[in-house]
Amino acid sequence: ALFKHADQALYVAKDSGRNRYHYFTPELQAQARMRVRLTNDLRGAVERGEFRLVYQPIVELASGRILKAEALLRWQHPQLGLITPGEFIALAENSGQIVEIGEWVFRESAAQVQAWRRTLAPQFQLSINKSPLQFRAETGVHSLWVAQLEALGLPGSALAVEITEGLLLERHSPAGEQLAHLRRAGISIALDDFGTGYSSLSYLQRYELDELKIDRSFVSNLQPGSKDLALCKAIITMAHELGMRVVAEGVETAAQRDLLLEAGCDLGQGYWFARPMAAPALERLLENSIG
Ligand code: C2E
Ligand code: CA
Ligand code: CA
Ligand code: CA
């Protein structure tokens, strides 16, 4: 789940290097060229101001109120137009540029949530996505984050950091200490894409986590009496027992929303509520929901 399409394409390309006759098609060649191009173009994209964030509301299921939002990265490429993270995050991870991009995401999100807390919703929280590779960088990065929040006069609770299960399973990862450092500063830690791909739950007892996000794959087939519903209920009960609140991802219908609410899920995110949107659109939504 950590690596999306771009990395799968990379795998195929590597494979094709070994079995050139069978797999090296013009289409793969074009894809390989595109990956090289995008990797080159990513260099300097932060300085050139080519990234922006869109924000997807996260809604309290019981009340319908927008309590927070997830910041999602977009790349406005000068020639190719808007590029979504599935097409460039894995490339940025492979080249190491994800660290610089991640720092930009942090700064931009902190500035944005500060503005919203001042004018619209004093308790508003923004969630940001963090690549496991950002935890391999210097530990000092996280002290800088805490210092930047202090400089802005923002409490840690204004931000949540979304991580994936893979990070918690890595051996000898400095992640545990870094997560604890962020958490001591009040920053929430959310476990993203829960339920995809890992069988061990032992990390749940080892780490302090605040929020669990049920992956869209469990939500999209929710029906009364379905196995997916049974799984969602079990995940929600377990998370609550462990002191976490639960967000359901990819809620696309009212029926899904109703089943999740009935199952005790706390928050929902998905096209049923709202798509990711630019900051001014979210501001209009927040203004209306406050009245
Ligand atoms: P994610 O963290 O699981 O984010 C949720 C993705 O699901 C977003 O795709 C969002 O637009 C999409 N989504 C939301 N609601 C629905 C729905 O109801 N139905 C469907 N079909 N999709 C929905 P997006 O923006 O393309 O992001 C894809 C992934 O890229 C994210 O998955 C996350 O893993 C990664 N990503 C996004 N922004 C960042 C970032 O700033 N840093 C890093 N490291 N990764 C990021
Ligand atoms: Ca996420
Ligand atoms: Ca997710
Ligand atoms: Ca996902």
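These numbers come from the heavy atoms of this one structure, side chains and all, not from hydrogens, waters or symmetry mates. Whatever order the structure lists ligands and atoms in, that order sets their numbers, starting from 1. For this chain, numbers begin at 1 and follow the sequence in order.
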Asker: Side chain of E249, backbone of G270: donor and acceptor closer than 3.5 Å?
Answerer: no
Asker: I'd like to know if K213 contacts ligand 1, where contact means a heavy-atom distance under 4.0 Å to any ligand atom.
Answerer: no
Asker: Heavy-atom contact check, 4.0 Å cutoff: does Q269 meet ligand 1?
Answerer: no
Asker: Checking S131 against E93: is there a side-chain donor and acceptor pair closer than 3.5 Å?
Answerer: yes
Asker: I need the atoms of ligand 1 closer than 4.0 Å to a non-hydrogen atom of E252, numbered in the order shown.
Answerer: 17 (C), 18 (O), 19 (N), 20 (C), 21 (N)
Asker: Report the part of E87 in contact with ligand 1, treating N, CA, C, O as backbone and CB onward as side chain, heavy atoms under 4.0 Å; options are side chain, backbone, both, neither.
Answerer: neither
Asker: Below a 4.0 angstrom heavy-atom separation, can you tell me which part of Q56, side chain or backbone, both or neither, approaches ligand 1?
Answerer: side chain
Asker: Just go through R216, E249, R275 and tell me whose heavy atom is the nearest to atom 22 (N) of ligand 1.
Answerer: R216
Asker: Going by salt bridge (charged side-chain N to carboxylate O under 4.0 Å, His left out), D210 matches just one of R245, R183, K68. Which one?
Answerer: R183
Asker: I'd like to check which ligand 1 atoms, numbered from 1 as shown, lie under 4.0 Å from a non-hydrogen atom of G270.
Answerer: 15 (N), 18 (O)
Asker: Have a look at D193 and say which of its N, O or S atoms is nearest the Ca ion (ligand 3).
Answerer: OD1
Asker: Using a strict cut-off of 4.0 Å, indicate which atoms of ligand 1 neighbour a heavy atom of I89.
Answerer: 43 (C), 45 (N), 46 (C)
Asker: Under 3.5 Å, is there a donor-acceptor pair between the S226 and D228 side chains?
Answerer: no
Asker: Specify side chain, backbone, both or neither for N129, according to which of its non-hydrogen atoms lie closer than 4.0 Å to ligand 1.
Answerer: both
Asker: Kindly work out whether a path of hydrophobic side-chain contacts (I/L/V/M/F/W/Y, heavy atoms less than 4.5 Å apart) joins Y203 to L167.
Answerer: yes
Asker: Under 4.0 Å, heavy atoms only, figure out whether ligand 1 is touched by the backbone of D193, its side chain, both or neither.
Answerer: side chain
Asker: Can you say whether the rings of W104 and F51 are parallel (under 30°), tilted (30 to 60°) or perpendicular (over 60°)?
Answerer: tilted
Asker: Which N/O/S atom belongs to E249 and is the closest one to the Ca ion (ligand 3)?
Answerer: OE2
Asker: Distance from Q134 atom CD to I163 atom CD1, nearest 0.5 Å?
Answerer: 12.0 Å
Asker: Given side chains that start at C-beta, do those of L133 and F135 come closer than 4.5 Å, heavy atoms only?
Answerer: no
Asker: Select the closest option to atom 28 (C) of ligand 1 among G102, A190, G250, P85, judged by heavy-atom distance.
Answerer: P85
Asker: Under 4.0 Å from a heavy atom of E70: which atoms of ligand 1 are those, numbered in the order shown and with their elements?
Answerer: 2 (O), 4 (O)
Asker: Looking only at side chains, do T84 and E87 share a donor and an acceptor under 3.5 Å apart?
Answerer: yes
Asker: Which ligand 1 atoms are under 4.0 Å away from a heavy-atom of V105?
Answerer: 41 (O)
Asker: Taking 3.0 Å as the cut-off, does D192 contribute an N, O or S atom near the Ca ion (ligand 3), distance below it?
Answerer: yes
Asker: Quick check for you: with the Ca ion (ligand 2) as the vertex, what angle do OE1 of E162 and OE2 of E70 span, to 10°?
Answerer: 90°
Asker: Just to be sure I read this right, does ligand 1 sit under 4.0 Å from the backbone of S131, its side chain, both, or neither, counting only heavy atoms?
Answerer: both
Asker: Report the C-alpha distance between E162 and K130 in whole Å, list the side-chain angles of each, state the deciding distance to 0.1 Å, and finish with yes or no for salt bridge (charged side-chain N to carboxylate O under 4.0 Å, His left out).
Answerer: CA-CA 6 Å; E162 299 195 359; K130 210 154 183 301; over 6 Å; no
Asker: Can you tell me if, anywhere in N129, an N/O/S atom lies at a distance from the Ca ion (ligand 2) that is smaller than 3.0 Å?
Answerer: yes
Asker: Could you verify whether a donor N or O on one side chain and an acceptor N or O on the other, from E252 and W272, lie under 3.5 Å apart?
Answerer: no
Asker: Could you check whether atom CD of E47 has more than 12 heavy atoms from other residues, nucleotides or ligands sitting under 6.0 Å from it?
Answerer: yes
Asker: So if I count the atoms of ligand 1 from 1 in the order they appear, which ones are less than 4.0 Å from some heavy atom of P276?
Answerer: 11 (O)
Asker: For atom CZ of R118, decide whether the heavy atoms of other residues, nucleotides or ligands shown that lie under 6.0 angstrom number more than 12.
Answerer: no
Asker: Flag R74 as yes when one of its N or O atoms lies below 3.5 Å from any N or O atom of ligand 1, and as no otherwise.
Answerer: yes
Asker: If you measure from atom 41 (O) of ligand 1 to every heavy atom of D192, L73, T196, which option wins on shortest distance?
Answerer: L73
